[in-house]
Structure formats: structure tokens, C-alpha cells
Q: 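First, the structure itself, so that you have it in front of you.
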Amino acid sequence: TLHWGYDEHNGPSHWKEVFPVANGDRQSPIDIKTTEAKYDPSLRPISPNYDPTSAKVILNNGHSTSVEFDDAENKSVLIGGPLAGTYRLRQIHFHWGSSDDAGSEHAVDGMKYAAEEPGEMECKELIVTSHGETKVSSTSCGAQEVLHVVHWNADRYSSFVEAARQPDGLAVMAVFLKIGECNPQLKKITDRLDAIRAKGKRALFTNFDPSCLLPRSLDYWTYFGSLTVPPLLESVVWIVLREPISVCSEQLAKFRSLLCTGEGEAACYLLRNYRPPQPLKGREINPVVW
Ligand SMILES: NS(=O)(=O)c1c(F)cccc1F
Ligand SMILES: [Zn+2]
């Protein structure tokens with residue numbers, strides 16, 4: 001049977017063989033076409049409120065590296081924005097590309113935030129004004145990575161696993177990582193990757209507030225989508241932040257040194273772990289700027 005991954009023989013183009021919802025009507029990621037995004041005045045700011053003692057462990061599950069949080073009570077939550085109710089922080093994780101391709105899963109106006117060094121590639125800086133028009137100015141950019149902050153609807157469901165099967169069960173905040181200065185906050189994570197190189201390894205990781213990885217502006221786009229990894233469940237309210245945070249290439253290289261194989265197996269490096277953009281199928285995307 002297919003053990004899904006990101007290689008030629010088990011990557012995103014094969015996932016539908018085991019998870020038919022891969023061809024569903026609300027799959028993620030998508031390419032956010034900003035000019036078609038429709039401003040919704042009813043949408044409010046998002047409000048992350050995290051307690052650093054919720055952080056428990058950092059692990060390598062063979063597909064990514066994640067920091068897992070204690071979600072037994074409403075200690076670290078996300079409210080506001082498009083969300084009705086309180087969504088509890090479950091984990092954060094990353095997606096990245098190999099050195100020659102982009103790693104951010106969502107794209108903005110076709111920019112996979114390709115891997116070019118800043119300045120080599122025109123990128124559109126998208127300003128969605130408060131009355132909803134989109135202005136475009138060109139900047140250099142280059143994000144090869146994305147951070148996902150995963151929450152579940154604890155008002156309506158009793159566990160992450162149950163919420164992950166519901167259309168409004170999960171809320172994931174996506175933050176683009178752009179090649180540039182080394183990120184001192186991200187260093188707390190990249191410095192621990194040596195301890196969890198093999199699939200299945202985990203290490204204590206506490207006293208960490210993931211807000212330290214968020215950009216200054218919490219302007220975002222929001223739309224209804226899915227997990228971007230199998231089982232690709234269509235249960236995610238996506239909140240894609242417009243402003244990236246920085247990561248330096250040395251930090252990025254540490255993610256690529258993780259193994260998708262367990263200790264004692266022939267080593268294979270987790271060089272990329274992103275799913276390409278999926279069809280929009282008529283969905284509306286709402287920009288939200290403060
Ligand atoms: N990539 S994603 O954010 O869709 C995601 C995962 F990778 C894993 C678990 C939950 C989840 F939401
Ligand atoms: Zn993800």
C-alpha cells in the first residue's frame with residue numbers, strides 16, 4: 001500500500017489513490033489571486049492568545065517537524081477574524097522546498113514565493129486598502145517555507161481528531177517565511193532539530209509562545225479549505241497572513257537535514273514537504289486589512 005510522502009513514487013500526485021477527497025471541492029493549498037479577493041467588512045482582526053507553558057514536545061513525524069501543545073484546556077487559543085468561537089492551539093509545523101524550488105504551500109498571485117534570492121525575482125507587495133481595493137507594488141521576495149499554526153474548535157467538539165472531521169473544525173494560520181536575516185525566534189526550533197533527525201524522534205520543548213513567530217501585521221486572507229497533508233480532510237478555515245517573517249538559508253538547510261526515515265533505516269532526507277496549489281472550484285477568498 002501507498003505510504004504517502006513527497007517523493008516521485010508517493011507524492012501529492014499519488015495521494016488521490018488512497019485519499020479520494022484529494023479531488024474534492026475545498027482542497028488546500030490554493031493560489032490566492034488578490035484581485036479576485038472580495039473585501040468582507042464583517043471580518044474582524046484575529047487574536048492569538050498563547051501561554052508558553054502549553055508547549056510540550058518537538059517531534060519529527062517523517063513528513064514535517066512539529067511542536068505539540070497541551071490542548072486539554074483553553075490555555076492557548078485563537079479567536080476573532082472569521083472564527084465563530086474559540087479555537088484551541090494544537091501544534092505548529094513547517095513546510096519547505098528543496099534548494100531549487102519554492103516551499104510555501106499557498107501562493108499569492110501565482111508567486112510560489114520561488115526560491116530565488118531576494119531581489120532576483122519581482123514579487124507583488126499586495127496592499128488591500130480598508131475599502132477593499134487591491135494596490136500592487138513590486139518588491140523583491142523569496143519565501144521558501146511556511147509555518148502552519150493549527151487550532152481546533154473546542155467550543156463545538158471534544159477533541160482535535162473529532163474536529164478534524166467537521167467542516168468548521170480546524171483553523172490554521174499560515175505564515176510565509178522569506179529568505180533574509182536569520183530569525184532569532186526560529187533559532188529556538190532549528191537548534192533542536194539535531195536531536196530529532198530521524199522519523200519518530202521527539203524531544204522536550206517547553207516555555208515557547210508561537211506568537212514570537214508572527215509578523216508585525218496580522219493582515220490576512222481567509223477561505224475554506226482542507227488539510228494539505230493526507231487524509232486531506234475538508235475541515236480547515238485558512239487564515240493566510242500577508243506579511244512574511246524572515247528565515248536565513250542556514251536555518252532552512254537545517255529543516256532539509258531532517259530524515260523521513262527512522263533510525264537504523266537507510267537515510268532519506270526530507271528535502272521538500274509541500275503540496276502544490278489546488279483548484280479553487282468557485283470558492284471566495286476574503287482579504288482582511290487593519
Ligand atoms: N498542513 S496542515 O496545516 O493542513 C495540517 C497538517 F500538516 C497536519 C495536521 C493538521 C493540519 F491542519
Ligand atoms: Zn501544514
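Remember, it's 1-based here, ligands and their atoms both numbered in the order they're listed. Hydrogens, waters and symmetry mates are skipped; everything else that's a heavy atom, side chains included, is used.
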Q: Please work out whether any backbone atom (N, CA, C, O) or any side-chain heavy atom from C-beta onward of Phe94 is under 4.0 Å from ligand 1, and answer side chain, backbone, both or neither.
A: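 Near ligand 1, Phe94 shows nothing, with every heavy atom at 4.0 Å or more.
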Q: Is it the side chain, the backbone, both or neither of Leu227 that has a heavy atom closer than 4.0 Å to ligand 1?
A: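 Contact part for Leu227 vs ligand 1: both backbone and side chain.
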Q: Check Lys254 with Asp191, please: is the shortest side-chain N to carboxylate O separation under 4.0 Å?
A: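 Yes, charged N to carboxylate O under 4.0 Å.
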Q: Could you tell me the residue and atom name of the protein heavy atom closest to atom 4 (O) of ligand 1, and the distance to it rounded to 0.1 Å?
A: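 Result: Thr228 N, 2.9 Å.
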Q: Would you say His93 has any N or O atom under 3.5 Å from an N or O of ligand 1, going by distance alone?
A: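 Yes, since at least one N or O of His93 sits under 3.5 Å from an N or O of ligand 1.
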Q: Is any side-chain N of the basic residue among Asp71 and Arg88 closer than 4.0 Å to the acidic one's carboxylate O?
A: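 Salt bridge absent between Asp71 and Arg88.
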Q: Please check if the number of heavy atoms outside Glu284 that lie under 6.0 Å from its CD is greater than 12.
A: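 It does: Glu284 CD has more than 12 such atoms within range.
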Q: Considering only N, O or S atoms, which atom of His148 is nearest to the Zn ion (ligand 2)?
A: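 Of all N, O or S atoms belonging to His148, ND1 is the one nearest the Zn ion (ligand 2).
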Q: In this structure, would Val237 and Tyr220 fall into the same cluster of hydrophobic residues linked by side-chain contacts under 4.5 Å?
A: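 Yes, same cluster.
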Q: If we only count N/O pairs under 3.5 Å, is Gln91 in contact with ligand 1?
A: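 No: no nitrogen or oxygen of Gln91 is under 3.5 Å from one in ligand 1.
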Q: As an exercise, identify every atom of ligand 1 less than 4.0 angstrom from a heavy atom of His95.
A: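 Once the distances to His95 are compared, the set is 1 (N).
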Q: Return the name of the atom in His95, of element N, O or S, nearest to the Zn ion (ligand 2).
A: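 Looking only at N, O and S atoms of His95, the one nearest the Zn ion (ligand 2) is named NE2.
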Q: Let me confirm one number: the CD-CG distance from Glu36 to Asp109, rounded to the nearest 0.5 Å.
A: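 It comes to 8.5 Å.
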Q: Ring centres of Trp238 and His106 under 6.0 Å apart?
A: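 Ring centres of His106 and Trp238 closer than 6.0 Å.
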